[in-house]
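Step one of this worksheet: look at the structure below.
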Amino acid sequence: MDHGDMDMDMDMDMDMSPGGIALAKGGPDRDGLEMDVLHVPLGPVLPYWPAGLVLHCTLHGDVIAAAEAEVLAPGPDEADQADEVSATGAVRSLDNVVSLLALAGWDAAAAEARRVRDDLLDGDGHAAERLQRLDRRVRRSVILRWSLRRLAPLGPDDLSARDLPAGLAGDTYDRLLAMLDRAGRGGLAPLQPFPVSALPDLVVGLDLAAARLVVAGLDLHELDPGRTKAQEESHA
Amino acid sequence: MPELVPLATAVQAAAPVWSLLAAAILGCLVMLAAVLDGVLSARGNGAAGAGVGLRRPFAEAARLMRQRRRTTIEPDSLLWRIGGAGLLVAALLMVAVVPLGRWTVFDLDVGVVWFNAMDVLVWAFVWLVGWGANSAPSLVGGYRFLALGLGYELPLMFALVAPPIAAQSLNVGAVAAAQHGLWFVVWMPVAFVVYCLGVTAFSVWGPFAAAIGADLAGGVRAELSGVDRLVFELGRYALLAAGAAFAVPMFLGGGAGPLLPDWAWVLVKTAVLLAALVGLRRRLPVLRPDKLMEVGWLVLLPAVLVQDLVVAVVAAGRG
Amino acid sequence: MTLEATLLIAAAIFAVGLYGAISQQVVVMVMMGLELMINAVILAGAGFWWFLAPDPTGQVLLMLVIAAMTLEMAMGFAVATLLHRRSETDMTDMATELKE
Amino acid sequence: MSVVADVAFWVLGVLAVLAGAAVFVVDSMARATYALAVSFVAVGLQVLFLQQTYVGVVVILMMVMEMAIMAVYMVMFMGMNPALMPMSMVHDKRLALAAAIGTFLVLAAGVLLVDWPARRGSPPPDATRALGEALMGHKMLVMTVISPVMVATIVAGVVLASARTRYDRYGDDLRGAPDDPQPGGVGR
C-alpha cells in the first residue's frame, strides 16, 4: 500500500537545546544499541574522593564508557611532606579506609574508622588496639566481602604493565585488607605516587558505584600527574 | 439495577473518621521510627548521650521546613512533586487494609494483592523523584532503584503468597484469624525474612539504599531540598512503618496475645518490628543492584518457592 | 453505573488507543496505543460480566486478556530492541525491510 | 451509597479517557508513560466497582509495574532528555483522527441502540474465590496453556533482546570464568 499523500508534518528541528543545554548525542553502546552520551566529571572536590583528582567520565547511562584522569594541583610542594611521613602515611591509609567503607554504605564501620583515624592523628594511646577491633570487624563482615570480591582484580602482570606498586595486587577486598594492615604497621613503606594515566582503564566498563569503590580502594596518597595534557600536545 | 453489596460494606467502613485515625497512628509510628533512627545514628557517631538523638529528627524537620527550595534547570516539577509526595500516599493506602483489632479502614477481600499493588507504586514514585530533578546523579539513583526492584520484587510477591495459601483467603483479616493456633512466622521463616527484606527495599532503607547512596551525592534525593526532602524522608519512614504494620496480620498473628486487647497487641508488635527494621540501617553495607539481581533470582526466589510448596503441602494436608 | 455507561467509556478508551496506534511513528508509542485498546477490552469485559452474565467462571477470560496484554508488551519491547540495534532507528516507517 | 458509586465510576471513566488521550498529546516521555499508568489505574478501580476485586487490583498491580519498566524503554528508545520539548512525530494525523472518531461513533451507536438482555444468573458471593476455583477447576486448561506460553515469551524476549549471550561470556566450550566487566552476585 503506498503512502499516498504522505503529509509528513514532521516539525522536528534538529538544533533544539532546552534551557540552553544541547541535547545529548547518541553513541554506540557495548550492547550494539545507541545510548545517550553524558559527560560527567567526577570533580576535584567530592566526598570520599582523592583531593585534586578529576576523572572526566563519558557515561552511557551509569556505565563509564570512557574516562580521562587529570590532577589539578601541580603536585605537593616538598616542604610539608618530608617530616612526619609515618603518621601521615597511616592516617592517609585510614582516610582511604573511611572512604571505601562509606562508599560501600557501611556507616557504622566508617564512623568507627573515622574515630580511629582521629585517635591515630593526635597520637592517642589505645588507637592501635581500636584499629585491631576495626580490622576484626571488617574481616568478619560477609556482605562486605561479597560486595567487594572480584572487583577490578589486578594480577602481577597487570601491575607491572601499568607500573603500579605491588601492594595493589588482588581485588578491591584484598586492597582494603592491605590498607588496614598498612595503617596497622604505621604506614612505614609509603606507596610511591600513583601514575594517574593508569586510572582510566581500571575504571572503564564499570558503573559509577563500582568505579568509585575501585578508586577508593587504590589507596591514593600522592598523585603523579605524569605528563599533563599540555606537555603531551607539545610532544605529539 | 443490581446494587453493590460487598463493595458498599467495604467502602462504608472507610468513613473518613477511621482513615484519619489510621493516618494519625501511622504518623506516630513515623515519629517513633525517626526518633529511634536519630538516637541510633547519634550513638553510632559517638555523640554525647541520647538527648542529642532524641531532638535530631525534630530539629532536622524544622530546618527543612525553613529551608528555601532549590531547583535545577528544566526540572519536570509536576512529576517531581508527585513522586516525592507519593511515598506517603502509598504508605497510607497500605495501612488502609491492615486490621487494627476488629476495625479495618478498607476491608477488601483481596487485601494482600492490594498491598502488593501499593508497594509497586513505590517503584513509580521513587523513579519519578529521580527523573524529575533532571540531574545526572538523581537520574542514576532512580534507575538504580528500578534495578534493585527487579531483584527483590518477585521474591517479595511470592513471600506475600505464602500466608494466604495457609489461610486459604486473600483477605488480611482472614489471614490474621487463621493464625490462632500457630503464628505463620514460626513455620514460614523464609517467607518472613524475604518479606522483611522487601519492606526494607521498598522504603529505600538500610542495605537497599543504593538509590540514595553516598557515592551518588545522595542519589535520588540529591536535588531535593526544603519541604520536598522532608516529605520524601517522611515517606520512607511511613513505608517502613506500613510494611511493619502489614507484617503483623500476615506473620505475627494479628491481634492475638495475652492480657492486652487485640488493637494494643497490633501496635506493640508493629513497634517492635519497626525498631528492628530501623536498626538495620547502619549495621550492614549497601547491596549493589547488579549484585543483588543474581542473588534475588537464583537464591531468594527458589527459597521462597520451596517455602510456598511446603506451605501448600501442609495446607492441602490439613484439608 | 449501567452497562451502557461502562461500554461507552470502554469505546472512548478504545478510540483513543486506535488513534494513538495509527498516528504514532515510534514503535514504543504504537505499543502504548495497543495497550489502551486492550485496556478498553478489559473494561468492556468486566462490564459484560457484571451486568449480563455474572457466571463464576466468567472472569477467567479477563485473566487471559491480561496475560495476552503482558505477552504483547514483552515481545514488543524485545522486537523494538532488536529493531533499534539492527537499523539504528525505531521509526515504524524506516523499518520496512520485510516489505517487498 | 450507590449515588457516590455512580459519580465515582463516571469520574474514573472520564479520567481514564483523558489520561489515555494525554499519552499522545503530552511532550515528555515520562509524562506519556505515567499518563497511561493513570489511565490503567482508573480502569482498574472501575473494574473494582464492577465487583471483580481480584481482576481490578491485578490490573493496577501489573500495569504500574509495566509502566515503570516501560518508562525505561521510552527514555532509551526515544532518546529524549527530561526537558519538555515539542515532539510531534506523527504522520497522517487527520486519517487517524477520522478513523478513531468513526470507530467511536459506530461503537457508541451499537451500545445505545442494542437492547441488552436482562442479567442471567446472580453474581457469586465471593467473586475472587469463584475465580480461583474456576482457574483451578474446570478452567485448568487456561492455566496450563498460559504458563508455558509465558515461559516461552520470557525466553524469546531475552534471546531477541540480548546482544551478548552466554557463549560470548563463557567462550565456546561454556567453561571457565565469565569475562564480565563487573562480577555478578552469585559468582557465576
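To find a chain, count down the sequence lines: A is the first, B the second, and so on, and within it residues start at 1.
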In terms of heavy-atom pairs under 4.5 Å, which option from [options] contacts chain C the most?
options	result
D/V43, D/T103, D/V47	D/V43
D/G110, D/A21, D/A100	D/A100
D/P117, D/A108, D/P123, D/A32	D/P123

[X] versus [Y], closest heavy-atom pair with distance:
X	Y	result
D/A99	C/L18	O-CD2, 4.1 Å
D/P124	C/P54	CD-O, 3.5 Å
C/V28	D/M74	CG1-SD, 2.9 Å
C/T81	D/A161	CG2-O, 3.9 Å

Inter-residue atom distance [X].[atom1] - [Y].[atom2], 0.5 Å rounding:
X	Y	atom1	atom2	value
C/L36	D/L36	CG	CG	5.0 Å
D/Q46	C/N39	CD	CG	9.0 Å
C/F14	D/L107	CZ	CG	7.0 Å
C/M31	D/Y73	CE	OH	9.0 Å
D/L61	C/I66	CG	CD1	10.0 Å

Given that the side chain runs from C-beta out, which part of C/I13 has a heavy atom under 4.5 Å from chain D: side chain, backbone, both or neither?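 Contact with chain D: backbone and side chain both.
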
Identify which part of C/L3 has an atom lying under 4.5 Å from any heavy atom of chain D, answering side chain, backbone, both or neither.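 Side chain of C/L3 only, per the 4.5 Å heavy-atom cut-off to chain D.
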
What pairs meet the salt bridge (Lys or Arg N to Asp or Glu O under 4.0 Å) rule with one or both residues in residues 51-67 of chain C, with sequence neighbours excluded?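 Not a single pair qualifies under salt bridge (Lys or Arg N to Asp or Glu O under 4.0 Å).
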
Shorter than 4.5 Å, heavy atoms on both sides: which option in C/V16, C/L8, C/V79 has the most such pairs with chain D?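 Going by pairs under 4.5 Å, I would pick C/V16.
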
Would you say [X] has more than 12 foreign heavy atoms packed within less than 6.0 Å of its [atom1]?
X	atom1	answer
D/M150	CE	yes
D/D173	CG	yes
D/F40	CZ	yes
D/R169	CZ	yes

Would D/L112 and C/L7 count as a side chain to side chain contact (heavy atoms under 4.5 Å, CB included) here? Give the steps. CA-CA 9 Å; D/L112 295 177; C/L7 292 183; over 6 Å; no

Is there a donor-acceptor pair closer than 3.5 Å between any side-chain N or O of D/R119 and the backbone N or O of C/W50?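 Side chain of D/R119 to backbone of C/W50: a pair is present.
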
Hey, does the side chain of C/Q59 reach the backbone of D/A127 with a donor-acceptor pair shorter than 3.5 angstrom?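 Flag set: sc C/Q59 to bb D/A127 pair under 3.5 Å.
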
Heavy-atom side-chain proximity of [X] to [Y] below 4.5 angstrom:
X	Y	answer
C/V60	D/M143	no
C/M1	D/W10	no
D/L50	C/F51	yes
D/T153	C/M75	yes
C/Y19	D/F24	yes

With sequence neighbours excluded, residues passing salt bridge (charged side-chain N to carboxylate O under 4.0 Å, His left out) with C/E72: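 Per chain and number, C/E72 pairs via salt bridge (charged side-chain N to carboxylate O under 4.0 Å, His left out) with no residue.
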
Select one option (side chain, backbone, both, neither) describing which atoms of D/S122 are under 4.5 Å from chain C's heavy atoms.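 Only the backbone of D/S122 comes within 4.5 Å of chain C.
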
So what's closer than 4.5 Å to chain C heavy atoms on D/A8: side chain, backbone, both or neither?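 Looking at D/A8, nothing touches chain C.
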
Between D/M63, D/M65, D/M62, which is the residue that forms a side chain to side chain contact (heavy atoms under 4.5 Å, CB included) with C/T70?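 One option only clears the test, and that one is D/M62.
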
Considering heavy atoms only, which positions within residues 135-142 of chain D lie below 4.5 Å of chain C?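 Within residues 135-142 of chain D, near chain C: D/L135, D/H138, D/K139, D/V142.
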
Quick one: ring pair (Phe, Tyr, Trp, His ring centres under 6.0 Å) partners of D/F104, sequence neighbours excluded?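 Ring pair (Phe, Tyr, Trp, His ring centres under 6.0 Å) list for D/F104, sorted by chain: empty.
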
Let's go through D/M67 and C/E35 carefully: what are the C-alpha distance in whole Å and the side-chain angles of both, what is the deciding distance for side chain to side chain contact (heavy atoms under 4.5 Å, CB included) to 0.1 Å, and is it a yes or a no? CA-CA 11 Å; D/M67 286 308 120; C/E35 282 276 295; 3.8 Å; yes

Please walk me through it: do C/M63 and D/I146 pass side chain to side chain contact (heavy atoms under 4.5 Å, CB included)? CA-CA 10 Å; C/M63 299 308 288; D/I146 288 185; 5.5 Å; no

